[in-house]
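Take a look at the structure below.
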2 protein chains.
Amino acid sequence: MSPVSRREKLRQDTLREIRAVARELLRSEGPAAVTINAIARQMGMSGPAVYRYYANHEELIEAVTADFYRELTVEMEAARDTHPPGEHRDRLLSSCRALRAWAVRHRPEFRWVFASPVPSRAALQPDSPLHLAGCEFGQVFLDQLVELWKTRPFPVPELHRLPPAHREQLQAYSREIGHALPPEAAHVFLTCWIRLYGMLCMEVLNQLDFACSDVEPLFEECLRELCGMLALAYAPPG
Amino acid sequence: MSPVSRREKLRQDTLREIRAVARELLRSEGPAAVTINAIARQMGMSGPAVYRYYANHEELIEAVTADFYRELTVEMEAARDTHPPGEHRDRLLSSCRALRAWAVRHRPEFRWVFASPVPSRAALQPDSPLHLAGCEFGQVFLDQLVELWKTRPFPVPELHRLPPAHREQLQAYSREIGHALPPEAAHVFLTCWIRLYGMLCMEVLNQLDFACSDVEPLFEECLRELCGMLALAYAPPG
DNA sequence: ATTTTTAGTTAGATAGTCTAACTAAAGTTA
DNA sequence: TAACTTTAGTTAGACTATCTAACTAAAAAT
């Protein structure tokens with residue numbers, strides 16, 4: 001007895017096809033074109049049939065977004081793993097570059113991830129696939145800083161010099177990740193993450209076009225600064 | 001003879017009211033609720049009447065977005081001008097804090113500005129009100145760096161050490177702003193802008209909630225770093 | 001006083017989300 | 001195998017959106 005019935009397999013195939021068609025529409029016609037009806041047409045079925053698979057438009061959108069997170073996560077992990085476990089610097093740089101490469105190669109998808117923003121922590125139920133996928137994505141970066149911290153701790157600010165309110169948040173977060181990083185190292189992690197991800201956000205949302213068409217050099221400089229903060233020697237790509 | 005006829009005045013009032021109602025809907029019911037019909041209902045007129053004022057939904061959205069840019073610009077300028085012209089440090093910090101204050105106080109609006117992103121440089125016609133408002137917004141920050149550069153130049157990288165492709169873009173941009181900043185100073189401007197704006201982008205798009213509910217301390221640290229890059233002595237708010 | 005312009009109206013074409021009621025096929029069980 | 005249940009699909013339709021067309025009434029211009 002196979003654990004998945006034939007029916008279940010077909011169902012999974014259809015679910016996958018729906019998301020694939022949605023993505024194709026996103027790429028070819030933009031986010032507004034990703035409608036239940038358009039997907040159904042493309043698949044040669046009637047509109048309401050799609051509701052057998054996703055309860056409503058929002059749920060479909062979330063599933064597609066989760067796919068994007070997962071694909072991005074896999075690519076970052078793959079890039080990271082082109083270097084042996086000990087090579088923290090190369091692993092980190094590779095995965096960061098993979099992040100940007102994906103974002104640039106899949107602009108509509110990356111924009112989509114931002115534009116339908118993680119509805120503030122409180123809103124999204126913490127066990128939804130989207131939330132999970134988002135966490136696992138962030139984890140790729142976090143894990144590497146944790147690993148680095150364990151083997152080759154980077155410089156951190158003195159905890160008592162950080163504003164008390166901020167300190168408490170860092171302590172809470174440190175607890176939340178099982179003390180894998182102490183609060184002051186979590187602060188460095190956050191700072192790095194904001195730099196990296198914030199820059200990509202601006203690039204992909206076309207907020208840098210006024211001055212740049214090619215943002216890669218700025219991104220590399222960002223990576224150089226990241227290395228600085230983490231006491232790693234920057235190395236150019238290639 | 002008044003230069004604006006009575007009719008024109010009424011028209012401007014209605015245009016303003018449409019945008020105000022749109023904004024109210026955005027705040028109270030979210031971006032999806034900002035529809036031509038809902039606005040018309042709220043104003044007690046029939047749907048198609050709105051088309052006398054805005055040719056289509058997109059044009060209305062653009063006008064509202066331009067309003068947001070303008071309001072934000074005004075607030076930043078006002079904050080800047082609470083300090084006398086010579087006080088570069090205080091003026092810059094005040095306007096940056098005003099930027100974040102507006103973003104946090106008007107989250108839906110700020111999100112909206114990002115989420116309906118400046119359609120890449122090529123797309124948007126350069127004389128549209130939205131594009132203009134966006135430029136004027138960026139100008140608030142740029143102008144201050146220009147002023148600072150003229151009176152108290154900040155450290156810059158050596159131009160020949162930047163990647164050639166990047167150098168060319170910076171040269172083009174420098175030309176575009178009438179050489180108000182040389183390319184290497186434009187590079188510093190860009191770096192600062194990305195830090196500042198990128199961080200806000202992440203905060204407002206709920207990408208930092210996983211660790212922080214109060215991002216202010218991180219923002220202040222960002223300002224501290226900005227001051228460092230610009231050879232200014234950071235000063236806390238208040 | 002007549003004409004033109006403008007701001008509004010209703011009716012309707014088209015396209016979306018989503019529900020309800022039904023059908024046919026596939027799987028399950030007596 | 002026959003009857004039953006579950007599932008994936010169907011069509012019809014209620015509701016809402018954008019936007020066009022054709023019309024009306026009021027205001028402005030001549």
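Lettering of chains follows the sequences in order, A, B, ..., and the numbering in each one begins at 1. What you see is a predicted model, and the numbers here were worked out from it, not measured in a lab.
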Next item on the list: Evaluate the ring pair (Phe, Tyr, Trp, His ring centres under 6.0 Å) criterion for residues B/Phe141 and B/Tyr197: first the C-alpha distance (whole Å), next the side-chain angles of each, then the deciding distance (0.1 Å), finally the verdict.
Entry: CA-CA 11 Å; B/Phe141 194 77; B/Tyr197 206 42; 9.5 Å; no

Next item on the list: Please step through ring pair (Phe, Tyr, Trp, His ring centres under 6.0 Å) for the pair B/Phe137 and B/Trp193, ending with a clear verdict.
Entry: CA-CA 12 Å; B/Phe137 160 62; B/Trp193 182 240; 5.6 Å; yes

Close N or O pairs between protein and nucleotides 2-6 of chain C (under 3.5 Å):
none

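Looking at A/Arg107 and A/Glu203, a side-chain N of the basic residue comes within less than 4.0 Å of a carboxylate O on the acidic one, giving a salt bridge. Ion pairing between a basic and an acidic side chain is recognised when a charged N comes within 4.0 Å of a carboxylate O; A/Arg91 and A/Glu77 show no such pairing.
Protein chain A contacts DNA chain D from D/dT6 to D/dA12, reading 5' to 3' and using non-hydrogen atoms of the protein with a distance under 4.0 Å.
Using a 4.5 Å cut-off on side-chain heavy atoms (C-beta onward), B/Phe68 and B/His106 make no contact. Looking only at side-chain heavy atoms (C-beta outward), A/Phe189 and A/Leu142 come within less than 4.5 Å of each other. At a threshold of 4.5 Å between non-hydrogen side-chain atoms, the residues A/Met199 and A/Arg100 do not count as touching.
Take A/His57 and apply the side chain to side chain contact (heavy atoms under 4.5 Å, CB included) test, not counting sequence neighbours, and it matches A/Ile36, A/Ile61.
Residue pairs meeting the salt bridge (charged side-chain N to carboxylate O under 4.0 Å, His left out) criterion with at least one member in residues 134-146 of chain B, sequence neighbours excluded, do not occur.
Closest approach of B/Arg105 and B/Arg27 over heavy atoms only: O-NH2, 3.6 Å.
No donor-acceptor contact under 3.5 angstrom links the side chains of B/His166 and A/Glu216, judged on distance only.
Contacts between residues 27-51 of chain B and DNA chain C, defined by a heavy-atom separation under 4.0 Å, are made by B/Met45, B/Ser46, B/Pro48, B/Ala49.
The backbone N or O of B/Leu92 lies less than 3.5 Å from a partner atom in the side chain of B/Ser95, making a donor-acceptor pair.
Each end of the helix from C/dA1-D/dT30 to C/dA30-D/dT1 gets its own axis from five base pairs, and the two axes differ in direction by 0°, given to 10 degrees.
Rounded to an integer number of Å, the gap from CG of A/Leu60 to P of C/dT17 is 9 Å.
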